[in-house]
There are 2 protein chains.
Amino acid sequence: MTRTADGEQAPEDVLVALADPIRREVLAMLARSGGATSTSLAAGLPVTRQAVAKHLAVLDRAGLVRAHRAGREVRYEADLQPLKQTMRWMDALATQWEHRLDAIKELAEEDTRP
Amino acid sequence: MTRTADGEQAPEDVLVALADPIRREVLAMLARSGGATSTSLAAGLPVTRQAVAKHLAVLDRAGLVRAHRAGREVRYEADLQPLKQTMRWMDALATQWEHRLDAIKELAEEDTRP
DNA sequence: CTCTCGCGCAACCAAGTGGTTGCGCATTGA
DNA sequence: TCAATGCGCAACCACTTGGTTGCGCGAGAG
């Protein structure tokens with residue numbers, strides 16, 4: 001799981017992770033089952049175990065899954081907290097940008113006013 | 001701007017668009033200035049006009065910018081609506097997944113209970 | 001009318017991504 | 001103990017992406 005210098009979760013990794021349909025499907029499967037291995041996940045997907053393992057690595061970098069070793073198995077669980085964090089980040093961006101756009105619109109109206 | 005069959009904005013395009021730092025910077029510049037051309041945007045970025053034009057195409061596919069031709073210039077404006085839509089989509093996903101995880105946790109507790 | 005400026009298109013390139021196969025290692029169940 | 005299972009690593013492949021340069025065209029300014 002990569003983190004920024006100030007300890008904040010990097011929202012970019014979450015966006016990248018969520019941009020892929022297979023990774024979203026993996027997350028959905030993990031949420032449905034409450035935990036699974038790369039092998040069991042691959043059984044329900046049109047790709048090989050290794051491909052799933054790579055996707056899980058991306059999800060792990062984003063903090064969206066956590067791996068627990070249990071004997072010779074590695075069980076993955078979903079963690080939705082980075083998702084919520086990213087939503088807050090997006091909300092802050094949207095608000096900020098919208099305020100600027102509103103201010104500009106206001107200025108434009110002032111121009112048309114005599 | 002690509003749309004899904006049911007007329008809904010594809011959230012995937014927004015995620016992909018937002019995952020790139022330069023595209024976020026372009027959006028921020030558009031929000032700050034209220035509209036700009038690929039040439040003027042490139043002046044404030046470490047890439048060429050053509051690279052900016054490609055980024056603008058990605059943003060346009062996501063519906064995050066709209067292009068208006070004015071003489072020989074093409075002016076781009078930011079549109080934040082797809083962003084809000086994507087946030088709602090993410091919120092729905094998070095809620096849905098969280099409910100599943102909660103239900104599973106409940107079952108686990110029931111197991112430990114005699 | 002002509003020169004300039006902004007844009008679009010195309011070719012090209014390096015690096016990244018998503019996928020595969022093959023193999024070796026460790027754990028485990030019979 | 002030993003065969004089977006699950007995993008990790010590495011090589012390799014096709015395709016995408018982000019970037020460049022070069023060129024031609026159309027609209028405006030002089």
Side-chain angles (χ1 to χ4, degrees), chain A residues 1-2 10-30 33-78 82 86, chain B residues 1-2 10-30 33-78:
Chain A
M1 181 190 331
T2 55
E12 171 151 347
D13 289 349
V14 177
L15 292 178
V16 170
L18 247 47
D20 186 279
I22 288 205
R23 283 194 288 268
R24 286 198 300 272
E25 179 62 27
V26 166
L27 263 190
M29 290 171 85
L30 287 179
S33 65
T37 67
S38 57
T39 305
S40 68
L41 286 168
L45 290 169
V47 293
T48 59
R49 169 185 64 89
Q50 282 85 345
V52 173
K54 288 187 187 181
H55 284 302
L56 283 170
V58 175
L59 289 168
D60 183 66
R61 257 192 303 146
L64 289 165
V65 300
R66 270 188 319 273
H68 301 280
R69 176 133 230 154
R72 68 179 158 185
E73 288 191 344
V74 177
R75 179 151 242 93
Y76 288 87
E77 293 177 14
T86 301
Chain B
M1 181 190 326
T2 53
E12 171 152 349
D13 289 349
V14 178
L15 292 177
V16 170
L18 246 47
D20 186 278
I22 289 205
R23 283 194 288 267
R24 286 197 300 271
E25 179 62 26
V26 166
L27 262 190
M29 291 170 85
L30 287 179
S33 64
T37 68
S38 58
T39 306
S40 68
L41 286 168
L45 290 169
V47 292
T48 60
R49 170 185 62 89
Q50 282 83 345
V52 174
K54 287 188 187 179
H55 284 303
L56 283 170
V58 175
L59 289 168
D60 183 65
R61 256 193 303 147
L64 289 165
V65 301
R66 271 188 317 273
H68 302 280
R69 177 133 230 154
R72 67 179 158 185
E73 287 190 340
V74 177
R75 180 151 242 93
Y76 287 87
E77 291 177 15

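- Listed here is the closest heavy atom pair of A/R66 and A/D60: CA-OD1, 4.4 Å.
- When all heavy atoms of A/A36 and A/S40 are compared, the closest pair comes out as CB-OG, 3.4 Å.
- Summarising the geometry of B/L56 relative to B/V65, their closest heavy-atom pair is O-CG2, 3.8 Å, with the distance given to 0.1 Å.
- With hydrogens and angles ignored, no donor-acceptor pair under 3.5 angstrom links the side chain of B/Q50 to the base of D/dG18.
- Side-chain contact between B/L30 and B/V26 is present, with at least one heavy-atom pair separated by less than 4.5 Å.
- The stretch residues 41-49 of chain A touches DNA chain C through A/V47, A/T48, each having a heavy atom under 4.0 angstrom from the strand.
- In this structure, the side chain of A/R24 engages the main chain of A/L18 through a donor-acceptor pair within 3.5 Å.
- Checked by atom type and distance alone, the side chain of A/T86 pairs as donor or acceptor with a backbone atom of A/P82 at under 3.5 Å.
- Contact between A/A17 and A/L59 at its shortest, heavy atoms only, is CB-CD2, 4.0 Å.
- Separating the CZ atom of B/R61 from the C1' atom of D/dG18 is a distance of 13 Å, rounded to the nearest angstrom.
- Applying the side-chain hydrogen bond (donor to acceptor under 3.5 Å, both in side chains) rule to B/S33 yields no partners; only residues at least two apart in sequence or on another chain are considered.
- Note: CG (B/D20) to P (C/dG16) measures 14 Å, nearest angstrom.
- Applying the salt bridge (charged side-chain N to carboxylate O under 4.0 Å, His left out) criterion to B/R23, with sequence neighbours excluded, gives no partner residue.
- Qualifying side-chain contact (heavy atoms from CB on, under 4.5 Å) partners for B/A67, counting only residues two or more places apart in sequence or in other chains: B/V74, B/Y76.
- In the region residues 69-78 of chain B, proximity to DNA chain D at under 4.0 angstrom, judged on heavy atoms, holds for B/G71, B/R72.
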Can you tabulate the close N/O pairs, meaning under 3.5 Å, that link protein atoms to atoms of nucleotides 11-14 of chain C?
none

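- One can place CG of A/L15 at 17 Å from C1' of C/dT17, the figure rounded to the nearest angstrom.
- Between A/V52 and A/S38 the shortest heavy-atom distance is CG1-O, 3.9 Å.
- An OP1 or OP2 oxygen of C/dG19 is reached within less than 4.0 angstrom by a side-chain nitrogen or oxygen of A/H55.
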